[in-house]
Number of protein chains: 4
Amino acid sequence: MRRDGAENRERILLAAEHVFGTGGAAASTEEIARQAKVGVATVFRHFPTKQDLIEATAVRYLQKLEEQLRLLIDEADPGRAFVSLVQTLVSTGATKMTLLNLLHTDGQGLSEPVTAAVHTFYDAIQQVLERAQAAGAARPDATVQDVSVLVRALAHVVPLVADAAVDRAVKIVLDGLGATG
Amino acid sequence: MRRDGAENRERILLAAEHVFGTGGAAASTEEIARQAKVGVATVFRHFPTKQDLIEATAVRYLQKLEEQLRLLIDEADPGRAFVSLVQTLVSTGATKMTLLNLLHTDGQGLSEPVTAAVHTFYDAIQQVLERAQAAGAARPDATVQDVSVLVRALAHVVPLVADAAVDRAVKIVLDGLGATG
Amino acid sequence: MRRDGAENRERILLAAEHVFGTGGAAASTEEIARQAKVGVATVFRHFPTKQDLIEATAVRYLQKLEEQLRLLIDEADPGRAFVSLVQTLVSTGATKMTLLNLLHTDGQGLSEPVTAAVHTFYDAIQQVLERAQAAGAARPDATVQDVSVLVRALAHVVPLVADAAVDRAVKIVLDGLGATG
Amino acid sequence: MRRDGAENRERILLAAEHVFGTGGAAASTEEIARQAKVGVATVFRHFPTKQDLIEATAVRYLQKLEEQLRLLIDEADPGRAFVSLVQTLVSTGATKMTLLNLLHTDGQGLSEPVTAAVHTFYDAIQQVLERAQAAGAARPDATVQDVSVLVRALAHVVPLVADAAVDRAVKIVLDGLGATG
DNA sequence: GATGAATGAGGCTTCATTCAT
DNA sequence: AATGAATGAAGCCTCATTCAT
């Protein structure tokens, strides 16, 4: 009956990603445990604090995202890759923004693993961006931070407005970024 | 020791604007009461429901914002006015956007006063935008909704990143909007 | 605009009787004030405590009831009068039982005015009962207390069951009391 | 220091039976928790809603009562059994009737378990009654409902008046029911 | 190591009662 | 004397977290 510790950890993170994405901050640990088919105490054994669980979920999410970005680095058309990157981040990030916001719960600094994940993530963005710039398919003075900020901004707004409206906004931002793809 | 009712209402709304802006939905009515130097029950006398308080705070905020926009309508340079509008909304809206999101708490329709305030607000944006478009100082196919979505998106991000980074993002968006000013 | 003190007192008692009858213990002083078209503070000026208001309302109710009973004393048929008394008390008492129960709020003894009203009330019952007994229209060993207890019991049950069921129960009790009328 | 779940559930129901019986609807969940030597949250874990707690307490009470009635069905003298039934219900039901009333709190239909318990309970009454009627020891036209209504009425009054007075009232009602025993 | 039960703190809301006008 | 506003205490309920099994 007992499941392996590592497997449980994975189940919990999966459930957490889903629940946080759906219910936002309102999500209770109990609900996460239920979806993970695990007792509450087990969640707390793996993640002593709710904040810990949030951070771990966010890190895991960033890592999965980064993997996807790595694929874009190898795409033939650099401009197309850049556009894809922005679109992917906005749409994927959508529900997960809640997660990223929860990280700032009380203005405390984030834990080291989180910052590390963020840096790695930024690094992936940078590579796609630089390739696009080299190909003349992105505004030369755009920085990773610019892209990051704009993407986060757009992602925040996804759950609040109609899809079509988001698409229009994304297009305008891409124009502003000089993206051709 | 006894304050006037109207004054208290104002104090409460002020405190609410601050607290909701800072703590988001997590903000407790008790905290607002504390900051307004008022008993909890007093808050509930003025705003029977937490949702009522949220809506009232949002309306008040939208109205103050709209007043500022009206000034821009009369500015000489339409392009300059449009740029100012976006900048104002983003920086002023900053922390207060959280507030607007709280309105969507449960996907239910907003109360009439709120929709009214939103419409009036949009109307002010529209006038500035159209003047700019007529003067060739804004992308002709841009809509009020586009502006609104982009501004909300940027505003969300203000409390999370450095001011300079926001300025850069705003500039890129303005480029995307074809704004010259 | 100002109303006379005595008139207000009357309005309040009227409202209280209605509200307590309708909402039971849930009735709030504010609601009573509203129905009496009076400020809450006015209610408290007349009746310093909610308990005071309850007692005053109960006394008033008992007095009105007693007046009705006095009429029965003069009725031609003593047996008929006795039956009427029981029926009246049960049906009238119905909604007012809540009121009488509130009197026992915390097991404290009732105030003097209340006990006085109760005694006067019992006295009226006694006269009707004795006349019926003298006419052979009521069980000779029945006491005022018996009647009072039975009536209170039945009244309690009125709001909980169908009218027809109450009528049957009343009839059975009247049989037990040897009432012919 | 940690008690078993089932034991706690029992303690809570016991406390609830006592507290609801004494204080009526006014009884607070906190008070029940205190008497059960349990945290409030524990009460809510076992009974998610106050209404749930009320219903569970009532069901438990009805079941205990029904068990007692079953014993009467086997008694030799049918008339004696019927008299015992009424006496038992009135005295045992005493303070607990408040409980049953709480069920009607908002006029909403009761939950299935409660209605089931009520039916079983009525069924037990019916058997005793019919046996008595067959033996000529109870008024032939009396129905279960009549008995139920009368018993509930009398039970309501038990905590309010002296025992002797209740006994007299019960005797009168039994006479009305044509009970000989 | 995993689990379900327990818990105190805290959130929203209502109410009897008091106070300044 | 009358009023509306203010208030703290208390009620119901939820949640992150801890404990005994």
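Here is the naming used below: chain letters follow the sequence lines, and residue numbers restart at 1 for every chain. Computed from a prediction, not measured in an experiment: that's the story for all the values here.
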Q. With a 4.5 Å limit on heavy-atom distance, are the side chains of D:Ile12 and D:Arg9 in contact?
A. no
Q.
Please report the distance, rounded to the nearest Å, between CD1 in B:Ile32 and P in E:dG11.
A. 11 Å
Q | C:Thr29 side-chain N/O to E:dC15 phosphate OP1/OP2 under 4.0 Å | A | no
(Q) Could you tell me how far apart A:Lys50 (NZ) and E:dA9 (P) are, to the nearest whole angstrom? (A) 20 Å
Q) Could you spell out the base pairing of DNA chain E in dot-bracket, with Watson-Crick or G-U pairs whose two distances are under 3.5 Å, [ ] crossing and | to another strand? A) .||||||||||||||||||||
Q) For the residue pair B:Pro159 and B:Ala155, what are the closest heavy atoms and their distance? A) CD-O, 3.5 Å
Q) When the distance from NZ of A:Lys37 to P of E:dA2 is rounded to whole Å, what number comes out? A) 18 Å
Q: Calculate the interatomic distance between C:Phe47 atom CZ and E:dT17 atom C1'; express it in whole Å.
A: 16 Å
Q | Partner of A:Ile32 by side-chain contact (heavy atoms from CB on, under 4.5 Å), out of A:Val38, A:Val40, A:Val19 | A | A:Val19
Q | D:Leu53 side chain near D:Leu13 side chain, heavy-atom distance below 4.5 Å | A | yes
Q) Side chain of A:Phe44: nearest nucleotide among F:dT17, E:dA6, E:dC15? A) F:dT17
Q: Using the test salt bridge (Lys or Arg N to Asp or Glu O under 4.0 Å), find all partners of C:Glu31 that sit at least two apart in sequence or belong to another chain.
A: C:Arg34
Q: May I ask you to test the C:Thr42-C:Arg11 pair for a side-chain heavy-atom distance under 4.5 Å?
A: no
Q. With sugar-phosphate meaning primed atoms plus P, OP1 and OP2, does A:Ala27 contact a base, only sugar-phosphate, or nothing at under 4.0 Å between heavy atoms?
A. sugar-phosphate
(Q) Can you work out whether C:Ala41 or A:Gly39 has the more 5'-proximal nearest nucleotide on DNA chain E? (A) A:Gly39
Q: Identify which nucleotide among E:dA5, F:dA5, E:dG1 has an atom closest to any side-chain atom of A:Val40, counting heavy atoms from C-beta outward.
A: E:dA5
Q: Give a yes/no on whether any side-chain N or O of D:His46 is located under 4.0 angstrom from OP1 or OP2 of E:dA6.
A: yes
Q: To the nearest Å, give me how far apart CZ (C:Arg9) and P (F:dA1) are.
A: 15 Å
Q) Using a cut-off of 4.0 Å on non-hydrogen atoms, how would the nucleic acid contact of C:Thr42 be classed: base, sugar-phosphate, or nothing? A) base
Q: Look up atom CZ in C:Arg60 and atom CG in C:Leu14, then write down how far apart they are to the nearest 0.5 Å.
A: 5.0 Å
Q: Take the protein atom CZ of A:Arg34 and the nucleotide atom C1' of E:dG4, then report the distance between them rounded to whole Å.
A: 13 Å
Q.
Classify C:Ala6 by what it touches in the nucleic acid, base, sugar-phosphate, or nothing, heavy-atom distance under 4.0 Å.
A. nothing
Q: Specify the separation, in whole Å, of atom CD1 of B:Ile12 and atom P of E:dC12.
A: 14 Å
(Q) From CG of B:Asn8 over to P of F:dG4, roughly how many Å is that when rounded to an integer? (A) 17 Å
Q.
Please compare B:Glu30 and D:Val43 by the position of their nearest nucleotide in DNA chain E and report the one closer to 5'.
A. D:Val43
